[in-house]
Visitor: 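Structure below; questions to follow.
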There are 2 protein chains.
Amino acid sequence: MKKPQNIRVAVDAVVFGYEQKKLSVLLIKRGIEPFKGSWALPGGLVLEDESLETAVQRELQEETGVTIDYLEQLYTFGKPGRDPRNRVVSVTYFGLVSPNHFKISADTDADDVEWFSIDKLPNLAFDHDIILKTALQRLKNKINYQPIGFELLKKEFPFSDLENLYQTILNRKIDRRNFRKKILSFGILTETDKIHQPSSGRPAKLFKFNAKKYKELEENGFHFEIKFA
Amino acid sequence: MKKPQNIRVAVDAVVFGYEQKKLSVLLIKRGIEPFKGSWALPGGLVLEDESLETAVQRELQEETGVTIDYLEQLYTFGKPGRDPRNRVVSVTYFGLVSPNHFKISADTDADDVEWFSIDKLPNLAFDHDIILKTALQRLKNKINYQPIGFELLKKEFPFSDLENLYQTILNRKIDRRNFRKKILSFGILTETDKIHQPSSGRPAKLFKFNAKKYKELEENGFHFEIKFA
DNA sequence: GTAATTTTGTGTAAAATGGACACTAAATGA
DNA sequence: TCATTTAGTGTCCATTTTACACAAAATTAC
């Protein structure tokens, strides 16, 4: 007779936010050992009768109260020893949040939840640094072939925000004219009648992502794809 | 006090093979309930002190004896109820096997292991049909931007094999001249001095994939990418 | 052994896409 | 009103992609 398996299943989420040319990640401070006091990705054990997706959503809600605009499975980490207590297999998720939804819920102990700029990260508990790196790579790849960048902007945004977002995430300059030409040629942005007043300089039209149109185009074989010099 | 979690962790693999313009998947016949007698993906429970990757490799070895040429994590399926007995979270893998390694080991009960052509699949146990569909989608996407197609061919192959492989997987015609031009332009194939004698018709040069060269190019910013009309 | 058949191997021209590049417009602040 | 800041726009050239057809080398059938 085989001895029963004793492995826990957890979910963890890497949730990105973007504002003012800064990419951020949502972290929580651990209240218990191991790694008590360290920062870690939000997450926790999966309950016995909930799906993985439900589990992440619940944990995110409980721990941060932040509304997640986009969520997909990232990768599953399961090397023995990644948690010093027990064998834990962690199914990780990749999330994006619009600045419209940045606010950390007052329900949670707000001191223990924070947005960290991606270039000022604290040390992370467990193997969460690797998970984070994996998520960042996914983000870098995916914005080139899926319209997920919009999830990181306000619902209505000036074109320059989109431009800066791509430059920040990909960490390189992009020609403004070519970029705009390309994106607009897709026909998935709707121009609103509002305008945005920058602190100084010419006002900008506000655009919004037209998800319905995108879906429609996609069904007809259209493929979102950006290339850079 | 929370009640302890009772979730099992399994691994399952979708392993593809290709020969004679047919794409196949490696399946095993279940010897026990539930779904006794049904065909299923090879896989099983993860042992407490082995990594996920080791677990799949072990299961594949034990159940099929087939040498896997390429293996990567696919997706994790964990909906409650997918196994009627217990809650099982299954970390699935995506594998490719060269025709050089098709042979199912004599160690295993060979009656219970079989290559099934992708268009003559039996009903599958559990949610394995969904897993298979996911893997197939991955294959279709991935051959366009990673040189994994070569893992499905013999070490040395005539160009037409590669051509047919792509046409089979993508299920469409590809212009022979443009395809060859494109692939050869990458400079990742080495021409061998051998030739292949088709049953009739002009003999063909044999090529092999030059993994070292590919890696080298990749490090210098080269990106394998195929587009089709 | 000649002709028909099968599969391999190759080039070019036209069209579409990608990349480089600089100035004007509309606002604010000094 | 002038300087500064950000938004908005078009053209030309280089590269890539696509469409497209015939000759070469072998086997098979007659």
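Quick caveat, the model's predicted, so the values are computed rather than measured. So you know, we letter chains A, B, ... as the sequences are listed, proteins then strands, and number each from 1.
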Visitor: In terms of side-chain heavy atoms, does Asp69(A) have a donor or acceptor partner in Ser98(A) at a distance below 3.5 Å?
Guide: no

Visitor: Both Gly201(B) and Gly201(A) contact DNA chain D. Which one's nearest nucleotide lies toward the 5' end?
Guide: Gly201(A)

Visitor: Please check the phosphate of dT9(D) (OP1 and OP2 only) for any side-chain N or O of Lys181(A) closer than 4.0 Å.
Guide: no

Visitor: Within this structure, what is the CD1-to-C1' distance between Ile183(B) and dT17(D), rounded to whole angstrom?
Guide: 15 Å

Visitor: Could you give the CZ-to-C1' distance, from Phe179(A) to dG10(D), as a whole number of Å?
Guide: 19 Å

Visitor: Using atom CG of Asn178(B) as one end and atom C1' of dA16(C) as the other, report the distance to the nearest whole Å.
Guide: 14 Å

Visitor: Counting heavy atoms from C-beta on, name the nucleotide in dT9(D), dA20(C), dT6(D) closest to the side chain of Arg202(A).
Guide: dT6(D)

Visitor: By nearest nucleotide on DNA chain C, pick out whichever of Pro203(A) and Phe207(B) is the more 5' one.
Guide: Phe207(B)

Visitor: Can you see if the side chain of Arg177(B) gets near the phosphate of dG11(C) - specifically, an N or O under 4.0 Å from OP1 or OP2?
Guide: no

Visitor: Between atom CZ in Phe222(A) and atom P in dT17(C), what is the gap in whole Å?
Guide: 12 Å

Visitor: Please state whether the phosphate of dT17(C), meaning OP1 or OP2, lies under 4.0 angstrom from any side-chain nitrogen or oxygen of Lys227(A).
Guide: no

Visitor: Return the value, rounded to whole Å, for the distance between atom NZ of Lys182(A) and atom C1' of dA16(C).
Guide: 11 Å

Visitor: Would the Phe224(A) and Phe222(A) ring centres measure less than 6.0 Å apart?
Guide: no

Visitor: So if I take every side-chain heavy atom of Ala204(B) and compare against dG18(C), dG9(C), dG11(C), which nucleotide ends up nearest?
Guide: dG9(C)

Visitor: What nucleotide, of dT5(D), dG18(C), dA25(D), holds the atom closest to the side chain of Ser200(A)?
Guide: dT5(D)

Visitor: Counting C-beta onward and ignoring hydrogens, is there a side-chain heavy-atom pair between Asp12(B) and Phe77(B) closer than 4.5 Å?
Guide: no

Visitor: Measure the distance from CD1 on Ile195(B) to C1' on dT7(C) and round it to the nearest whole Å.
Guide: 13 Å

Visitor: In whole angstroms, how far is the P atom of dA25(C) from the NZ atom of Lys205(A)?
Guide: 15 Å

Visitor: Would you find more than 12 non-hydrogen atoms of other residues, nucleotides or ligands less than 6.0 Å from Lys79(A) atom NZ?
Guide: no

Visitor: Which residues, if any, of residues 141-176 of chain A bring a heavy atom under 4.0 Å of DNA chain D?
Guide: Ser160(A), Arg176(A)

Visitor: With a distance cut-off below 6.0 Å to the six-membered ring centre and an angular limit of 45° from the axis, does Arg180(B) pair with Phe159(B) as a cation-pi contact?
Guide: yes

Visitor: Quick one: Phe186(B) CZ to dT16(D) P, roughly how many Å, whole number?
Guide: 11 Å

Visitor: Checking ring pair (Phe, Tyr, Trp, His ring centres under 6.0 Å) between Phe209(A) and each of Phe157(A), Phe150(A), Tyr70(A), which is the one that passes?
Guide: Phe150(A)

Visitor: Can you name the residues that form a side-chain contact (heavy atoms from CB on, under 4.5 Å) with Glu19(A), not counting sequence neighbours?
Guide: Pro99(A), Phe102(A)

